Amino acid sequence: MERSAIVTGAAGAIGRATLQKLVASGFNILLVDRDEEALKEVVAATAKAAVHSFVADVTNPHEVKGAVDKALTCFGMVDTLINIAGGGGPKRTLGIEDIDLELWNHVIALNVTSTFLFSQAVAPGMRERGFGRIVNFSSILAFGEKGPPTTVPGRLAYATAKAALIGFTSQFAKDVGKDGITVNCIVPGLILGQPGTRVRGRFDALPDHEQARMLEGYPSGRAGTSDDVAAAVDFLVSEAAGYISGVALPVDGAYL
Ligand SMILES: NC(=O)c1ccc[n+]([C@@H]2O[C@H](COP(=O)([O-])OP(=O)(O)OC[C@H]3O[C@@H](n4cnc5c(N)ncnc54)[C@H](O)[C@@H]3O)[C@@H](O)[C@H]2O)c1
């Protein structure tokens, strides 16, 4: 079966690893990210005719529509949506007093509203064809984290948004189950991508004792890799995973 996917946040650490997996699985792919330079680099490194890109801010409904239209123009249909774009915003915050409304709204829009907008745009086509795969991105932060903020800037807003994505996934999976569409979310623990990627950079900048504290809860003693996450995504979007839906799947080496 011909498969076509939209991947948001595609120029980031997990997005790049996911792209490699999907290319190997034979997907047509539209990469979406707001970082034009990084997106160009990713496309150049992939050099596959079936990989296209679109620069968009996923919090902007017009740009989301533009991305979905582009995918439809390139592939004729979208049967897979992977909502990776997300994060804690640009400002490191310590407590609730540090979070202004602008930052709060931004973090909710970046993680939750973007997932809603893309899902709403692709669901009708998936329903029509009786097949779809949607994967969202939560975080172990949905369950809170003790101690001072580490790699996540707007932690309280981020935890709220990532918990909301578990609820969104549970409900939406039930809403579209009869249409052959599965909706799942990945719940990553600390994931360290290649050197130079965003979270890896923040982790590497922490003092040794902070790094050790972050890794304490991981029974294997290591953080996850982008490939660990991409493998889970690749499975959830496969045709074989059609009876797995509404799941919040930790990829955290038994941290939770
Ligand atoms: N890395 C981790 O430790 C970790 C842990 C738990 C959850 N997550 C989640 O996994 C996902 C990917 O994480 P990552 O480590 O690859 O992050 P990353 O920062 O490396 O990648 C995020 C990508 O999203 C893009 N992006 C940010 N805002 C955007 C916007 N408004 N419009 C379009 N694109 C935008 C960025 O340009 C970047 O390429 C995120 O949702 C993150 O919250 C990551």
Side-chain angles (χ1 to χ4, degrees), residues 6-20 30-43 53-64 66-67 82-90 105-115 117-118 135-145 149-155 157-166 168-169 185-204 206 211 214-215 217-218 222-230 232-233 248-253 255-256:
I6 292 177
V7 180
T8 75
I14 293 172
R16 290 175 192 229
T18 300
L19 166 66
Q20 297 312 321
L30 181 74
L31 307 173
V32 180
D33 205 290
R34 71 171 172 193
D35 186 337
E36 188 169 4
E37 284 311 305
L39 209 45
K40 271 189 198 151
E41 235 179 72
V42 176
V43 174
S53 65
F54 191 83
V55 178
D57 178 344
V58 297
T59 67
N60 180 321
H62 302 293
E63 296 182 22
V64 170
I82 307 173
N83 288 305
I84 300 179
N105 287 339
H106 171 70
V107 174
I108 301 295
L110 173 56
N111 294 276
V112 185
T113 312
S114 65
T115 296
L117 290 171
F118 271 100
V135 177
N136 301 320
F137 267 74
S138 180
S139 164
I140 56 167
L141 262 289
F143 304 96
E145 174 186 64
T150 47
T151 55
V152 181
R155 186 170 65 177
Y158 183 76
T160 306
K162 292 305 195 187
L165 282 166
I166 296 176
F168 177 85
T169 298
C185 74
I186 305 278
V187 185
L190 175 64
I191 304 297
L192 299 178
Q194 296 301 311
T197 51
R198 189 181 58 104
V199 176
R200 173 76 181 266
R202 286 193 192 132
F203 181 83
D204 288 348
L206 291 171
Q211 291 187 0
M214 281 192 79
L215 293 176
Y218 292 88
R222 74 164 176 96
T225 66
S226 302
D227 289 337
D228 289 329
V229 177
V233 175
L249 177 67
V251 179
D252 68 349
Y255 177 92
L256 282 179

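This chain uses plain numbering: 1 for the first residue, then up along the sequence. For clarity, every value in this text was computed on a predicted model and none was experimentally measured. As the structure lists them, so they are numbered: ligands from 1, and atoms in each ligand from 1. Keep in mind that the numbers below use all heavy atoms, side chains included, and drop hydrogens, waters and symmetry copies.
- Residues Leu190 and Val199 have side chains in contact (heavy-atom distance under 4.5 Å, counting atoms from C-beta outward).
- Among all protein heavy atoms, the one lying closest to atom 11 (C) of ligand 1 is Ile84 O, 3.2 Å.
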*Can you list the steps and then say if Thr113 with Thr59 is a side-chain contact (heavy atoms from CB on, under 4.5 Å)?*
CA-CA 7 Å; Thr113 312; Thr59 67; over 6 Å; no

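- In terms of protein heavy-atom proximity, atom 10 (O) of ligand 1 is nearest to Phe137 CD2, 3.5 Å.
- Considering each of Ala56, Gly15, Gly12, Pro188, the one bringing a non-hydrogen atom nearest atom 6 (C) of ligand 1 is Pro188.
- Two residues are said to be in side-chain contact when any heavy atoms from C-beta on lie closer than 4.5 Å; Leu165 and Cys185 fail this criterion.
- For Arg34, a nitrogen or oxygen atom sits less than 3.5 Å from a nitrogen or oxygen atom of ligand 1, counting backbone and side chain alike.
- The nearest protein atom to atom 24 (O) of ligand 1, hydrogens excluded, is given as Gly9 CA, 3.4 Å; this is a heavy-atom distance.
- No option in Thr115, Asn136, Asn83 other than Asn136 meets the side chain to side chain donor-acceptor pair (under 3.5 Å) test with Thr169.
- For ligand 1, the atoms lying closer than 4.0 Å to a non-hydrogen atom of Ser138 are 7 (C).
- Between Val187 and Tyr255, every side-chain heavy-atom pair lies at or beyond the 4.5 Å cut-off.
- Distances from ligand 1 to the non-hydrogen atoms of Ala10 include no value under 4.0 Å.
- The shortest N or O to N or O distance between Asp35 and ligand 1 is not below 3.5 Å.
- Remark: ligand 1 atoms within the under-4.0 Å shell around heavy atoms of Leu190 are 3 (O).
- Looking at Val58 and Phe118, their side chains come closer than 4.5 Å, going by heavy atoms from C-beta outward.
- Annotation: atom 8 (N) of ligand 1 to nearest protein heavy atom, Tyr158 OH, 3.5 Å.
- Within the listing of ligand 1, atoms 1 (N), 2 (C), 3 (O) sit less than 4.0 angstrom from a heavy atom of Ile191.
- Ranking protein heavy atoms by distance to atom 32 (N) of ligand 1, first place goes to Val58 N, 2.9 Å.
- Side-chain contact between Glu145 and Val152: absent, with no pair of heavy atoms (C-beta onward) separated by less than 4.5 Å.
- Two residues are said to be in side-chain contact when any heavy atoms from C-beta on lie closer than 4.5 Å; Tyr158 and Asn111 meet this criterion.
- To the nearest 0.5 angstrom, Phe168 atom CZ is 13.5 Å from Ile166 atom CD1.
- The distance from ligand 1 to the heavy atoms of Asp57 drops below 4.0 Å at these ligand atoms: 30 (C), 31 (N), 32 (N).
- Of all protein heavy atoms, the one closest to atom 13 (O) of ligand 1 is Ile14 CD1, 3.7 Å.
- For ligand 1, the atoms sitting less than 4.0 Å from at least one non-hydrogen atom of Ala13 are 16 (O), 20 (O), numbered in the order shown with element in parentheses.
- In terms of protein heavy atoms, atom 15 (O) of ligand 1 is closest to Val199 CG2, 3.7 Å.
- Judged by distance alone, with hydrogens and angles left aside, the side-chain atoms of Thr8 form a donor-acceptor pair with the main-chain N or O of Ala85 at under 3.5 Å.
- Protein heavy atom at the shortest distance from atom 5 (C) of ligand 1 is Gly189 O, 3.1 Å.
- Checked against a 3.5 angstrom limit, the closest N/O atoms of Arg198 and ligand 1 fall inside it.
- For the pair Gly87 and ligand 1, a heavy-atom separation below 4.0 Å is found.
- Within ligand 1, the atoms closer than 4.0 Å to a non-hydrogen atom of Leu110 are 28 (N), 29 (C), 30 (C), 31 (N), numbered from 1 in the order shown.
- Side-chain atoms of Arg16 and Thr197, non-hydrogen and from C-beta on, never get closer than 4.5 Å to each other.
- Val135 places a side-chain heavy atom less than 4.5 Å from the side chain of Ile186.
- The closest approach between a heavy atom of Lys162 and any atom of ligand 1 is below 4.0 Å.
- Between Arg222 and Asp228 a salt bridge is recorded (basic side-chain N to carboxylate O distance below 4.0 Å).
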